[in-house]
There are 2 protein chains.
Amino acid sequence: MARLPLYLRALTALAERGVATVSSDELAETAGVNSAKLRKDLSYLGSYGTRGVGYEVEFLQHQISREIGLTQDWPVLIVGIGNLGHALSNYGGFASRGFRIAALVDADPQRTGEEVAGLKVRHSDDLDDVVKEFNIAIAVIATPAHAAQAVCDRLVDLGITSILNFAPAVVQVPEGVDLRKVDLSTELQILAYHEQRKNGAALALTAEQAVELAKAVGG
Amino acid sequence: MARLPLYLRALTALAERGVATVSSDELAETAGVNSAKLRKDLSYLGSYGTRGVGYEVEFLQHQISREIGLTQDWPVLIVGIGNLGHALSNYGGFASRGFRIAALVDADPQRTGEEVAGLKVRHSDDLDDVVKEFNIAIAVIATPAHAAQAVCDRLVDLGITSILNFAPAVVQVPEGVDLRKVDLSTELQILAYHEQRKNGAALALTAEQAVELAKAVGG
DNA sequence: GGGCACTTGTGAAGCCATGCACAAAGTTGC
DNA sequence: GCAACTTTGTGCATGGCTTCACAAGTGCCC
């Protein structure tokens, strides 16, 4: 389930505040979901709650971590060390959650050898070696859009089956490969869409619609 | 609909290749969705296709842009100019899609005045002025997790109703405010979850489950 | 030890998105 | 101008997700 990380985050926040047990209602509100949905999600993992009391925060935290697979170490490869790749490399949120940036790769020879976040950037010609050397299972694409598909194809060829794409491009993968995308401008576009709606429909009238409207009112 | 930006991107790619018209089947494959779904989505905007021919790429592109609201200029504010804020400020994908990074704000006095991506970083004490001055409607939170809620509250107080949150924290907003979140580690966690599943269920057996299994087979 | 208050886990209903399948509409070739 | 082919737009059925509502289970208080 895609909501488990959300619950995990809410639980972590509660644990930091020293909360020992939490009811589904409270946890649901913290995570911003419906409490019945939360209970159903959790019951799918097993019966980890106590009726009349709630859920033990630390225990549940551990159960979800195990379910997601965070109890093991995941070496992550980042391809494309531009602005975004830099930011991702230095982003502290990964390490604390079971992910370790293990290797960086870029196609620009000028970047090769440069040190970023304590790691030497390798050239993308060495992709094959890097993947084997660090036993990479998860790769992040932070290249320009035009390079994304080619990079992705190479990663798939090297046997990587989990890819996170930040490049603003539609990337195709074969069956059996998990591709997720994080698309910065898409998110902004969705916000803009709603924002436009809020600002009244009048502004959004097209010329055609205006003509229609004028006809309709007999203007 | 959340898929419109996806279609728009696919159309842009086609336009760059010089394609003039496209069938729902082709466009659906490019965008990675079902063709019936695509047609239904588009028909919701109006009848912009021609039976027997398909959709005119540039025309449809324009219609979707208008629907999303990309025909107008959206000044965007970024709060928090750390690694991620830097990357977002320099990210070229925004400008080309109707969004303009208009202002940068950080809580660190040392960063105030620094120039990033051609803009002077302002101090967060001036948030009020900045929002008014640049007529901000959309804000991006790229602060550390612990600051996210406070920043968000201030933005909401200033009348901003569209917020994109990159901070790894659950942030609450009142009714009427649109909050979207881009969560890097959540995405990785979802990948890790599937990756773990692929690597065989045996590895994922808990001690308890192993005992159950042993009992079940009479061991 | 019994009743009460609280909370989980889940059956069941409702809702929304998806996708099939086809009629309507348009185009091309002759 | 007609027939065959292509493609859109959409009614309808299906399936999954969400939510309600409640029985079953647990702890607390007296």
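- Using a 4.5 Å heavy-atom threshold, the side chains of Val182(B) and Asn165(B) count as separate.
- Not counting sequence neighbours, the partners of Arg180(A) by the salt bridge (Lys or Arg N to Asp or Glu O under 4.0 Å) test are Glu187(B).
- Annotation: the terminal axes of the helix from dG1(C)-dC30(D) to dC30(C)-dG1(D) meet at 10°, where each axis is the rotation carrying the C1' atoms of four end pairs onto the next four (5 pairs per end, rounded to 10°).
- The shortest distance between side-chain heavy atoms of Ile138(B) and Leu77(B) does not fall below 4.5 Å.
- Protein chain B contacts DNA chain C over a range whose 5' and 3' limits, counting nucleotides with an atom under 4.0 angstrom from a non-hydrogen atom, are dT18(C) to dT27(C).
- Nearest heavy atoms, Leu8(A) versus Ser65(A): CD1-OG, 3.7 Å.
- Note on residues 154-170 of chain B: no pairs pass salt bridge (Lys or Arg N to Asp or Glu O under 4.0 Å), not counting sequence neighbours.
- Residues satisfying the salt bridge (Lys or Arg N to Asp or Glu O under 4.0 Å) criterion with Arg39(A), sequence neighbours excluded, are absent altogether.
- Residue pairs meeting the salt bridge (Lys or Arg N to Asp or Glu O under 4.0 Å) criterion with at least one partner in residues 162-176 of chain A, sequence neighbours excluded, do not occur; the list is empty.
- Residues Ser23(A) and Glu26(A) bring a donor and an acceptor atom of their side chains to less than 3.5 Å of each other.
- Considering only heavy atoms from C-beta on, Leu164(B) stays 4.5 Å or farther from Ile141(B) through its side chain.
- The shortest distance between side-chain heavy atoms of Phe166(B) and Asp183(B) does not fall below 4.5 Å.
- In terms of the salt bridge (Lys or Arg N to Asp or Glu O under 4.0 Å) criterion, residue partners of Lys132(A) (sequence neighbours excluded) are, by chain and number, Asp128(A).
- There is no side-chain donor-acceptor pair under 3.5 Å between Asp178(A) and Ser162(A).
- Of the residues in residues 19-39 of chain A, those with a non-hydrogen atom less than 4.0 angstrom from any atom of DNA chain D are Asn34(A), Ala36(A), Lys37(A), Arg39(A).
- With sequence neighbours left out, Arg51(A) forms a salt bridge (Lys or Arg N to Asp or Glu O under 4.0 Å) with no residue at all.
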Polar pairs (N or O, both sides) under 3.5 Å between protein and nucleotides 26-30 of chain D?
residue: dT26(D); atom: O4'; partner: Arg51(A); partner atom: O; Å: 3.1

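- Remark: Lys40(B), Ser43(B), Ser47(B) in residues 40-47 of chain B come within less than 4.0 Å of DNA chain D through at least one heavy atom.
- Proximity of the aromatic rings of Tyr55(A) and Tyr48(A) is defined here by a centroid distance below 6.0 angstrom, and this criterion is not met.
- Evaluation of the ring-ring contact (aromatic ring centres under 6.0 Å, His included) rule for Tyr91(B) yields Phe94(B) as partners, not counting sequence neighbours.
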